[in-house]
Amino acid sequence: LFKNLVLPDPFIPYASILCGVMGCKLVYDLVKLLSTSYVGLYTGLTKIQRIEWNNRGMSTVHAVIITAISFYFVFLSELFAIRISTTGVFTLKSSHLSTFTLGVSVGYFVADLAMICWFFPCLGGLEYILHHSLSAIAVAYSALTGEGQVYTFMVLLSEVTTPGINLRWFLDVSGLKKSSAYLVNGVVIFVGWVAARVLLFVYIFRHVYLHRAQVMKMQSFGSFLVMSVPLVLASMNVIWFGKILKGLRKTI
C-alpha cells in the first residue's frame, strides 16, 4: 500500500520531504517527552534552552540516520559505482531509496531552518541560515532531478560530526564543562572535524575534478551546485574549525 500510494515515481520526492518534516516533528516531541520524564535537569532549563535541547535531539537523530545511509551509498552500494562501461554516467544515477532518503533530509533542513529563523538568533546566526539554505537547495535538486546524488551523499557524510557537537552542548548545559567527558568530547570533535569536514571535502574536490566530464553531463544548474556548494560549505567548515581548535585549547 505504501509503495503504490506514496512511492509512485513522480511523487517520491514530495512524499519524502513531507515525511521528513513530519518525522522531525515526531522526534522533536519524543525528545521533549522523554527528557521531561527521565532527565531531571530538563525542567530547570529556560524555555529557549528546552527548545534548543529538543532541536539538537532532532538533529542528532537525522545525523545518525543520514550518515549511515550516505556511507552505504558512497562506499557499499553499486548504484554509483564508477565503471562507465557497465553502469553508465554515475552523476545521473538514482534509485527510489536514494531519492526518498534525500527527500527526507530536505524535510529536516526545511524544518530546522524554519526553527532557526523563528527563534533567530537563539538557535544560530546567519551562518546557520546560509548553511541550511544551501544544503536544502542542493539536496532538493538531487532529490527532484536525480542528478548528482553521489556527491550529495558524500557531502552529507559530514553530518557524522553533528552528534558530537550536540553532545558538547548537552554537557555544557548539564554543568559538566569541567568534566573529563567534556575534554574527551572536544578531542573527538577535533579529530572528526578534520576527517569529515576538511579531508572529506578535499576528497570531494579531487573526485569532481577527476570526473568533471561526467559532472558536465548534468544540467547547468546541477553542475554549478556540485562545484559551488561544497566549496562554500568547506570554507564555512574551515572557519568553524578555527573556533573548535580555539575552544579545545582553552579546555585543555
Side-chain angles (χ1 to χ4, degrees), residues 13-14 16-29 31 48-49 51-70 99-145 148-149 151-170 189 192-193 196-198 200-201 204 221-222 224-244:
Y14 309 102
S16 59
I17 293 173
L18 180 61
C19 287
V21 173
M22 294 174 62
C24 285
K25 171 62 175 173
L26 177 63
V27 173
Y28 182 94
D29 289 341
V31 171
I48 193 63
Q49 283 179 324
I51 291 173
E52 186 167 0
W53 180 291
N54 304 334
N55 178 271
R56 287 181 180 272
M58 177 184 76
S59 70
T60 298
V61 171
H62 167 263
V64 171
I65 294 174
I66 197 62
T67 298
I69 297 179
S70 296
T99 298
F100 186 83
T101 301
L102 292 178
V104 170
S105 194
V106 173
Y108 159 74
F109 283 116
V110 169
D112 200 31
L113 179 60
M115 289 193 66
I116 292 173
C117 292
W118 184 263
F119 295 103
F120 185 85
C122 297
L123 298 182
L126 293 175
E127 68 275 14
Y128 285 89
I129 294 178
L130 175 62
H131 177 276
H132 279 43
S133 297
L134 288 176
S135 299
I137 292 171
V139 178
Y141 179 86
S142 286
L144 293 172
T145 65
Q149 291 194 358
Y151 290 118
T152 304
F153 282 117
M154 284 184 186
V155 173
L156 287 173
L157 276 172
S158 63
E159 285 292 304
V160 71
T161 60
T162 298
I165 295 293
N166 289 338
L167 177 58
R168 191 168 187 80
W169 183 88
F170 288 133
I189 289 176
W193 199 276
R197 300 268 181 169
V198 179
L200 173 63
F201 279 80
I204 293 173
F221 185 64
F224 172 76
L225 289 177
V226 168
M227 295 180 180
S228 62
V229 171
L231 181 61
V232 176
L233 296 181
S235 301
M236 297 176 69
N237 289 338
V238 171
I239 295 174
W240 283 331
F241 179 67
K243 296 181 179 180
I244 291 173

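Across P230 and V155, no two heavy atoms sit closer than the pair CG-CG2, 4.2 Å. Between T67 and L156, the shortest heavy-atom distance links the atoms OG1-O, 4.3 Å. Of all the heavy atoms in C24 and G107, the pair that sits closest is SG-O, 4.4 Å. In terms of heavy-atom proximity, M58 sits nearest to V31 at N-CG2, 4.4 Å. Pairing each heavy atom of T161 with each of G192, the nearest pair is CG2-O, 3.6 Å. In this structure, L130 and M236 approach most closely via the heavy-atom pair CD2-SD, 4.0 Å.
Interatomic distance, CG of D29 versus CG of N54, reported as 8.0 Å (0.5 Å rounding). Of the inter-residue distances, the one linking L167 atom CG with I189 atom CD1 reads 7.5 Å to the nearest 0.5 angstrom. We find the OH-CG distance between Y14 and L144 to be 5.0 Å, quoted to the nearest 0.5 Å. To the nearest 0.5 Å, the span separating CG on N55 from CH2 on W169 amounts to 9.0 Å. Between the OH atom in Y141 and the CG atom in L225 there is a gap of 7.0 Å [rounded to 0.5 Å]. Atom CD1 of I65 sits about 11.5 Å away from atom OG of S70, to the nearest 0.5 Å.
Side-chain atoms of R197 and F241, non-hydrogen and from C-beta on, never get closer than 4.5 Å to each other. At least one side-chain heavy atom of I48 sits under 4.5 Å from a side-chain heavy atom of F119. With a 4.5 Å cut-off on side-chain heavy atoms, M115 and I51 count as touching. With a 4.5 Å cut-off on side-chain heavy atoms, L113 and C117 count as touching. Using a 4.5 Å cut-off on side-chain heavy atoms (C-beta onward), V232 and L134 make contact. Contact of the V64 side chain with the P163 side chain is registered, since non-hydrogen atoms from C-beta on lie closer than 4.5 Å. Looking only at side-chain heavy atoms (C-beta outward), F153 and S142 stay at 4.5 Å or farther from each other. No side-chain heavy atom of L26 sits under 4.5 Å from any side-chain heavy atom of M22.
Ring planes of H131 and W240: tilted class, angle from 30 to 60°. The aromatic rings of H132 and Y108 lie tilted to each other, with the angle between the two planes from 30° to 60°.
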Test side-chain contact (heavy atoms from CB on, under 4.5 Å) applied to F201 and L231, step by step: CA-CA 8 Å; F201 279 80; L231 181 61; over 6 Å; no
Candidate pair R56 and I165, rule side-chain contact (heavy atoms from CB on, under 4.5 Å), full reasoning: CA-CA 9 Å; R56 287 181 180 272; I165 295 293; 4.2 Å; yes
Show your reasoning for whether side-chain contact (heavy atoms from CB on, under 4.5 Å) applies to Y151 and M227. CA-CA 10 Å; Y151 290 118; M227 295 180 180; over 6 Å; no
Pair T99, Q149 - check side-chain contact (heavy atoms from CB on, under 4.5 Å), show working. CA-CA 8 Å; T99 298; Q149 291 194 358; 3.2 Å; yes
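Looking only at atom types and distance, the side chain of S59 has no donor-acceptor partner in the side chain of E159 under 3.5 Å away.
Within 6.0 Å of CZ in F120 there are more than 12 heavy atoms belonging to other residues, nucleotides or ligands.
For the side-chain contact (heavy atoms from CB on, under 4.5 Å) test with Y128, the passing option among I116, L123, D112 is I116; the others fail.
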